[in-house]
Amino acid sequence: MKALIYDGVETLGFRDTEMAVPGAGEHLIRVEAVGICGSDMHAYLGHDARRPAPLILGHEAAGVIVGGPQDGRRVTINPLVTNPDSAASRAGRENLCPDRQIISMPPREGAFAQFVAMPEDNLVTVPDTVSLAKAALAEPLAVSWHAARLALEALHPTMEKRALVIGGGAIGLAAALALRAMGCRETLIVEPNETRRHFLQDQCAEAVADAIPADALYPVVIDAVGFEATRAAASAHASPGGVIAHVGLGSDAGGLDIRRMTLQEITFIGTYTYTKQDFRDTAAALFEGRLGPLDWTEDRPLSDGAAAFADIRAGRVAAPKIILRPNA
């Protein structure tokens, strides 16, 4: 099969590799659509020791089961493989399972390939009315759905459901969509990249600014970037008694104003991926149209994947998400 393989810092090769082989309880899936995630970019830039080269990246995927009694079934993929017998999984917090694996990290190769193998429990059937390119968005949408759910559950019931989202990439945009689906009456996305900002305004009809209003405070702040500067902004602009949900993985230290957060009793929540229920709930919301038209992607063939990564790196991509097509 053909795959886009991470060979080293800012180096990707499109070439033949060994065919994916399903294990016990797994299906072989022909990948029809797979998104480029921020974590794929971190690996591409050499910033993720969890993803050593050579490796097939990619974990935001949808496709069609090949072979067996379910041949032809259209599915979107939950890439997080967990141990159902762990205490975390039994509690419905599979994302905290100590035995968790995710495709695109060893020992599981990713979905920037024509085929991938996945367990039955990680698959959600896609209705015929929903394109597989749109279904591939279930994974990044679920990341934001999980963060939005945790933030709103932690928010005191007397506080307004009004939010600031830092970062206008796919996770930030998805956070705004999830917050609205959960009853948040107002969201502002802050995105410094002018090209992307105009795309969010014109194509997605989002409220977007290039900077946070100087004295503005928000009951909910979603940091979808995760750098020192964005954490500093989050802790400065969270309302007293408010909630910060941190979902970005830009850097691992600095930025939080711990004194203000303590004196103003601001809750900080680290969020990672999603539970299985979050993934299913997100997929259902996507299929039912509760997350909007989701028409903010750009499609490219997997063979052009290296150029797509380079374009994202250079800031030349307006769309929040590039979808690669391995079998186009």
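When a residue number appears, it is its place in the shown sequence, counting from 1. This is a predicted model, so every value here is computed, not measured. Every heavy atom of this structure was used, including side-chain atoms; hydrogens, water molecules and symmetry mates were not.
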Say whether, by atom type as modelled, one donor and one acceptor occur between the side chain of Asn122 and the main chain of Leu80 under 3.5 angstrom.
yes
Is Arg325 reaching over with its side chain to a backbone N or O of Glu32, donor-acceptor style, under 3.5 angstrom?
yes
Answer yes or no: does atom CZ of Arg259 have more than 12 heavy-atom neighbours from other residues, nucleotides or ligands under 6.0 Å?
no
More than 12 foreign heavy atoms under 6.0 Å from CZ of Arg100: is that the case here?
yes
Using a 6.0 Å cut-off, check whether atom CD of Glu153 has over 12 heavy atoms from anything other than its own residue.
yes
Side chain proximity check, Pro22 to Phe115, heavy atoms < 4.5 angstrom:
no
Nearest heavy-atom contact between Val208 and Gln201 is O-NE2, 3.5 Å
Around atom CG of Asp295, are there more than 12 heavy atoms from other residues, nucleotides or ligands closer than 6.0 Å?
yes
Ignoring hydrogens and geometry, is there a side-chain-to-backbone donor-acceptor pair from Lys321 to Glu298 under 3.5 Å?
no
Under a 4.0 Å N-O cut-off, is there an ion pair linking Arg231 with Asp223?
no
Taking the inter-plane angle between the rings of Phe309 and Tyr44 on a 0 to 90° scale, is it parallel (under 30°), tilted (30 to 60°) or perpendicular (over 60°)?
tilted
Using the test salt bridge (Lys or Arg N to Asp or Glu O under 4.0 Å), find all partners of Glu288 that sit at least two apart in sequence or belong to another chain.
Arg290
